[in-house]
K.L.:
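Structure in structure tokens, see below.
Note that the structure is a prediction, hence the values are computed from the model and not measured.
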Amino acid sequence: MHSGRRNAVEKSLIKRHESIIVSTIQTLNAVGLQNLSTKLIAKQEGVSEGTLFRHFKNKTDIMLAVVDHFSQYDDAIIGTCRQKKFSPLEAIRYFYNAYAEYYQNYPEITVVVQAYDSLMCDAELSEKVSSIIDKRSDFITKTLQAAIDQKIIRSNLDAAVLENILTGGSEEICLKWRMDQYRFSIKEKTAEMVEMLLSSFRED
């Protein structure tokens with residue numbers, strides 16, 4: 001096959017692959033994980049199930065790609081924090097606020113976060129989801145510990161517990177935002193929550 005034609009075919013396959021991931025997220029957001037099926041994904045994508053299976057082995061394979069798609073943003077956020085050499089508190093603010101802005105601009109993607117518990121029930125997906133959660137938790141916990149070591153945050157506080165509080169607050173806001181049909185600004189609520197908690201953690 002001519003190299004130019006081969007490249008065009010490869011680009012077309014990649015485009016379809018990514019499009020199926022987006023269609024899966026849209027379908028998942030509409031019907032929930034329990035009702036998600038390859039038939040519904042194919043319908044959303046406007047293709048046959050056969051076309052779907054030329055790109056993915058099964059529904060679990062598609063969901064693995066969806067989780068991968070979601071986790072790519074983690075690397076970008078963490079990379080930015082390191083590249084710009086943010087202070088610990090600047091990194092914490094950036095991390096949670098960047099996600100809130102991402103969600104604000106792409107509400108459907110939040111269904112992945114809300115489906116974490118159910119995804120953990122699948123043996124193949126469990127490891128992938130656990131690795132994402134652990135990576136985020138590790139970055140935030142180490143950043144908070146750096147703030148404690150630098151005496152920015154009170155030394156009698158536990159970094160892992162503080163990470164649980166911040167992440168739990170962020171996820172609760174996300175859930176309520178979805179329940180409220182995205183009517184308030186998740187970006188503003190998240191920024192307010194982060195500032196309030198960081199202020200309560202600080203050394204006097």
Side-chain angles (χ1 to χ4, degrees), residues 33 63-64 66-107 109-180 182-204:
L33 188 61
M63 285 308 302
L64 281 167
V66 166
V67 174
D68 266 335
H69 174 80
F70 178 69
S71 68
Q72 287 174 5
Y73 202 57
D74 288 8
D75 294 329
I77 292 175
I78 293 170
T80 298
C81 290
R82 288 172 176 159
Q83 183 183 2
K84 295 194 174 183
K85 298 180 180 179
F86 287 148
S87 70
L89 296 193
E90 285 173 338
I92 296 297
R93 289 187 185 98
Y94 181 81
F95 186 92
Y96 289 103
N97 292 336
Y99 262 103
E101 184 170 4
Y102 179 41
Y103 296 160
Q104 188 91 41
N105 294 327
Y106 189 7
I109 198 69
T110 58
V111 73
V112 180
V113 181
Q114 302 304 321
Y116 271 174
D117 284 349
S118 297
L119 292 173
M120 291 291 288
C121 296
D122 185 297
E124 289 185 67
L125 290 167
S126 177
E127 186 177 349
K128 176 75 70 177
V129 172
S130 293
S131 70
I132 293 170
I133 294 172
D134 289 345
K135 185 176 183 179
R136 288 185 181 183
S137 176
D138 183 65
F139 174 72
I140 294 298
T141 301
K142 286 180 176 176
T143 304
L144 287 164
Q145 186 59 54
I148 291 171
D149 294 342
Q150 294 173 28
K151 302 187 186 305
I152 300 168
I153 287 176
R154 297 200 305 276
S155 59
N156 64 329
L157 297 179
D158 184 286
V161 173
L162 299 184
E163 185 274 328
N164 286 339
I165 294 169
L166 280 160
T167 299
S170 174
E171 291 176 359
E172 180 75 5
I173 290 170
C174 180
L175 175 60
K176 288 181 177 177
W177 186 56
R178 287 177 59 82
M179 289 170 62
D180 200 40
Y182 319 119
R183 281 194 285 260
F184 63 83
S185 169
I186 189 173
K187 188 177 176 182
E188 289 178 10
K189 284 286 186 184
T190 300
E192 182 183 355
M193 180 271 296
V194 170
E195 286 304 319
M196 186 179 296
L197 289 176
L198 290 181
S199 178
S200 69
F201 300 160
R202 291 183 72 107
E203 284 279 11
D204 294 331

K.L.:
Sequence neighbours left out, what passes salt bridge (Lys or Arg N to Asp or Glu O under 4.0 Å) with Asp134? Give chain and number order.
P.N.:
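Asp134 satisfies salt bridge (Lys or Arg N to Asp or Glu O under 4.0 Å) with no residue once adjacent residues are dropped.
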
K.L.:
Working to the nearest 0.5 Å, report the span between CZ of Arg136 and OG of Ser71.
P.N.:
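Result: 8.5 Å between the selected atoms.
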
K.L.:
Please tabulate, one pair per line, all N/O donor-acceptor pairs under 3.5 Å involving side-chain atoms of residues 115-124, not counting sequence neighbours.
P.N.:
unit_1	atom_1	unit_2	atom_2	d
Asp122	OD1	Glu124	N	2.9
Asp122	OD1	Leu125	N	3.2

K.L.:
Counting only N and O atoms by type, is there a donor-acceptor contact under 3.5 Å from the side chain of Asp180 to the main-chain atoms of Lys176?
P.N.:
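The answer is no, because no donor-acceptor pair under 3.5 Å joins these two groups.
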
K.L.:
Would you say Thr80's side chain and Ala76's backbone share a donor-acceptor pair under 3.5 angstrom?
P.N.:
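Present.
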
K.L.:
Just by distance, with hydrogens left out, do Asp68 and Gln72 show a side-chain donor and acceptor under 3.5 Å apart?
P.N.:
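No, no side-chain donor-acceptor pair sits under 3.5 Å.
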
K.L.:
Would you compute the distance between atom CG of Leu64 and atom CD of Glu127 and round it to the nearest 0.5 angstrom?
P.N.:
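It comes to 10.0 Å.
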
K.L.:
Could you go through the side-chain contact (heavy atoms from CB on, under 4.5 Å) check for Phe95 and Val194 one step at a time?
P.N.:
CA-CA 10 Å; Phe95 186 92; Val194 170; over 6 Å; no

K.L.:
Locate the shortest heavy-atom distance separating His69 from Ile109; write the atom from each residue and the value.
P.N.:
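Nearest pair, atom of His69 first, then Ile109: CD2-CD1, 4.2 Å.
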
K.L.:
Please list, chain by chain and in numerical order, all residues satisfying salt bridge (Lys or Arg N to Asp or Glu O under 4.0 Å) with Lys189, sequence neighbours excluded.
P.N.:
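Lys189 satisfies salt bridge (Lys or Arg N to Asp or Glu O under 4.0 Å) with no residue once adjacent residues are dropped.
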
K.L.:
Looking only at atom types and distance, does a side-chain atom of Thr167 sit under 3.5 Å from a main-chain N or O of Glu163, one as donor and one as acceptor?
P.N.:
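Yes, the answer is positive, given that a donor and an acceptor are paired below the 3.5 Å cut-off.
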
K.L.:
Rounded to the nearest 0.5 Å, what separation is found between the OG1 atom of Thr141 and the CD atom of Gln145?
P.N.:
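Rounded to the nearest 0.5 Å, the OG1-CD separation comes out at 9.0 Å.
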
K.L.:
Where does the angle between the aromatic ring planes of Tyr102 and Phe70 fall among parallel (under 30°), tilted (30 to 60°) and perpendicular (over 60°)?
P.N.:
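If you compare the ring of Tyr102 with that of Phe70, the planes turn out parallel.
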
K.L.:
How far does OG1 of Thr110 sit from OH of Tyr182, to the nearest 0.5 angstrom?
P.N.:
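Those atoms lie 4.5 Å apart.
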
K.L.:
What is the distance from atom SG of Cys81 to atom CD1 of Ile92, rounded to the nearest 0.5 Å?
P.N.:
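Result: 8.0 Å between the selected atoms.
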
K.L.:
Does the Ser131 side chain pair with the main chain of Lys128, one donor and one acceptor, at a distance under 3.5 Å?
P.N.:
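Answer holds: yes.
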
K.L.:
Are there over 12 heavy-atom neighbours, none belonging to Glu90, within less than 6.0 Å of that residue's CD?
P.N.:
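Yes, the 6.0 Å shell around CD holds more than 12 heavy atoms from other groups.
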
K.L.:
If you take all heavy atoms of Ala91 and Phe86, which pair is closest and at what distance?
P.N.:
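Answer, listing the atom of Ala91 first, then Phe86: N-CB, 3.7 Å.
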
K.L.:
Considering non-hydrogen atoms only, spot the tightest contact between Glu171 and Gln114 and give its length.
P.N.:
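In terms of heavy atoms, the two residues are closest at O-NE2, 3.9 Å.
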
K.L.:
Between atom CD of Glu192 and atom CG of Leu197, what is the distance when rounded to the nearest 0.5 Å?
P.N.:
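It is 10.5 Å, given to the nearest 0.5 Å.
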
K.L.:
Tell me, with the steps shown, if Leu89 and Ile153 meet side-chain contact (heavy atoms from CB on, under 4.5 Å).
P.N.:
CA-CA 9 Å; Leu89 296 193; Ile153 287 176; 4.0 Å; yes

K.L.:
Quick one: closest heavy-atom pair of Leu144 and Ala159, and the distance?
P.N.:
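Heavy atoms only, the tightest pair is CD1-O, 3.6 Å.
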
K.L.:
Check for a donor-acceptor pair, side chain of Thr143 on one end and backbone N or O of Phe139 on the other, with a separation under 3.5 Å.
P.N.:
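Indeed, once roles are kept as given, a pair shorter than 3.5 Å links the two residues.
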
K.L.:
Say whether, by atom type as modelled, one donor and one acceptor occur between the side chain of Trp177 and the main chain of Phe184 under 3.5 angstrom.
P.N.:
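Side chain of Trp177 to backbone of Phe184: a pair is present.
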
K.L.:
Shortest non-hydrogen contact from Leu198 to Arg93?
P.N.:
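Reported closest heavy-atom pair: CD1-CG, 3.9 Å.
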
K.L.:
List for me each residue that meets salt bridge (Lys or Arg N to Asp or Glu O under 4.0 Å) alongside Asp138, sequence neighbours excluded, and say none if there are none.
P.N.:
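For Asp138, the residues satisfying salt bridge (Lys or Arg N to Asp or Glu O under 4.0 Å) (neighbours in sequence not counted) are Lys142.
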
K.L.:
Mind checking what makes salt bridge (Lys or Arg N to Asp or Glu O under 4.0 Å) contact with Arg178, not counting sequence neighbours?
P.N.:
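By the salt bridge (Lys or Arg N to Asp or Glu O under 4.0 Å) rule, Arg178 matches no residue at all.
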
K.L.:
Indicate the atoms forming the closest heavy-atom contact of Gly169 with Met193, along with that distance.
P.N.:
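Nearest pair, atom of Gly169 first, then Met193: C-CE, 3.7 Å.
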
K.L.:
Sequence neighbours excluded, which residues qualify as ring pair (Phe, Tyr, Trp, His ring centres under 6.0 Å) partners of Tyr103?
P.N.:
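Tyr103 satisfies ring pair (Phe, Tyr, Trp, His ring centres under 6.0 Å) with Tyr99 only.
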
K.L.:
For Glu195, is the CD atom crowded, meaning more than 12 foreign heavy atoms sit under 6.0 Å from it?
P.N.:
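Result for CD/Glu195: enclosed.
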
